[in-house]
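Order of appearance sets the numbers: ligands from 1, and atoms from 1 within every ligand.
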Amino acid sequence: MTRNTEEMQSHIPVMLREFLEYCSPQRDERWIDGTFGYGGHAMALLERGCKVLALDWDEEAQKRAELLKEKREQFYFFRKNFSEMAEACFQIGWKDVDGILLDLGVSLGQLKDPKRGFSFHHPEAPLDMRMNQQSEKTAAVLLNNLTEEELIKLFSVVCNSKESRKLATGLVGLRSTKLIQKVGDFLEVIKKAHLFKKKGSHAATKPFLALRIAVNEELEHLERGLLEGTRLLKGGGRIAIISFHSTEDRIVKEFLRSHCVPKHRRGQGEEKQSQEMFFYKIEKILVSSEESKRNPRSRSARLRIGWKIISQGKST
Ligand SMILES: C[S@@+](CC[C@H](N)C(=O)[O-])C[C@H]1O[C@@H](n2cnc3c(N)ncnc32)[C@H](O)[C@@H]1O
């Protein structure tokens, strides 16, 4: 058995039970897994007899998907961003889909790999943080080239304004003496900034998250993916998003809420509902205490689902 096969078999997908229970994927339905990773959710969909189009822009995920491609019919993989899912569907002749899953963020494998620079536990690692290794924009490129104002903006997506300013000033000071290259260089700036940290968390958690979000343009891709995905959904189709921090969850929540028919109008004829209203129902499900004990990485996970209005097809 290869290392990839072993890792795929031992991987624990987050909130799988809830995803299956609420979305209820059926045999022969077409599903998009926009964040293939280790294929945990994709395999569960295949087990249920669904056709799966999987996407991931990471090279390692692509290698793992190759293993599934050999064994499974009705499984397609593209090394693409999920914000390009319509193009991937077009390439395999799918006009619409029954369901979409986005399990956001990085995988444990990406986080643990010291070469990738995602984790503050590897000070000697290069400051990389790209999920897509074909992109030229690494974390080091951003930290060495953005203006102080741009750095403040980058951090303020996650940190407060005082923290963001301290980090930006520290980085501008450090890069006037040397090139910023390693995780340890960024940690040095974080340490000197004396940031407030919540009990039990590391001072580097928020600055690392902000930098990763910027390197991968995560929020922009999420906004595009939600809209593009929802347009691809058949009437009655479901879009399910698992998020791990409040910045991305806020985007998902606002998107679902602003496109959901208000409760007081749900009984009315669908023709009266605005074209901008995609969903007849939305739900938020929190990770169970049992799962967060078993898999502490899942403790902040939230699953949000939107069900598309029945009479609306792809042309919405
Ligand atoms: C949390 S993991 C997904 C785990 C997967 N559901 C499983 O059970 O194995 C997130 C994966 O999504 C990928 N990813 C994150 N954002 C992406 C995006 N915008 N487009 C494509 N892939 C993305 C990452 O490279 C990573 O492999």
Considering [options], which one's heavy-atom position lies nearest to [atom]?
atom                    : options              : value
atom 10 (C) of ligand 1 : A44, G109, S83, G105 : G105
atom 18 (C) of ligand 1 : F82, F19, F78        : F82
atom 19 (N) of ligand 1 : L108, N81, L222      : N81
atom 16 (N) of ligand 1 : R79, R64, M131, H41  : M131
atom 26 (C) of ligand 1 : I12, D58, D56        : D56

Does one hydrophobic cluster hold both M85 and L104, with members joined at side-chain heavy-atom distances below 4.5 Å?
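The answer is yes; both residues are in one hydrophobic cluster.
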Non-hydrogen atom of [X] closer than 4.0 Å to ligand 1:
X    : result
F244 : no
G225 : no
L104 : yes
E218 : no

Give the numbers and elements of all ligand 1 atoms closer than 4.0 Å to a heavy atom of [X].
X   : value
G39 : 7 (C), 9 (O)
K80 : 21 (C)
Y38 : 7 (C), 9 (O)

Are the side chain of D56 and the backbone N or O of G37 linked by a donor-acceptor pair below 3.5 Å?
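Yes; at least one donor-acceptor contact below 3.5 Å.
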Can you confirm if the aromatic rings of W94 and F78 lie within a centre distance of less than 6.0 Å?
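Centroid separation for F78 and W94: 6.0 Å or greater.
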Strictly under 6.0 Å, is that where the ring centroids of F186 and F208 end up?
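Yes, the ring of F186 comes within the 6.0 Å limit of the ring of F208, centre to centre.
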For atom 12 (O) of ligand 1, what is the nearest protein heavy atom, given as residue, atom name and distance?
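Heavy-atom neighbour on the protein nearest atom 12 (O) of ligand 1: T35 CB, 3.2 Å.
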Find the distance between CZ (R30) and SG (C89) and round it off to the nearest 0.5 Å.
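One finds 8.5 Å between CZ of R30 and SG of C89.
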Are more than 12 heavy atoms, taken from residues, nucleotides or ligands other than R257, located less than 6.0 Å from that residue's CZ atom?
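No.
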Heavy atoms from other residues, nucleotides or ligands near CZ of R294 exceed 12 (cutoff 6.0 Å)
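Enclosed: over 12 neighbouring heavy atoms sit under 6.0 Å from CZ of R294.
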Between H221 and E218, do the side chains contain an N or O donor and an N or O acceptor separated by less than 3.5 Å?
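Absent: no donor and acceptor within the cut-off.
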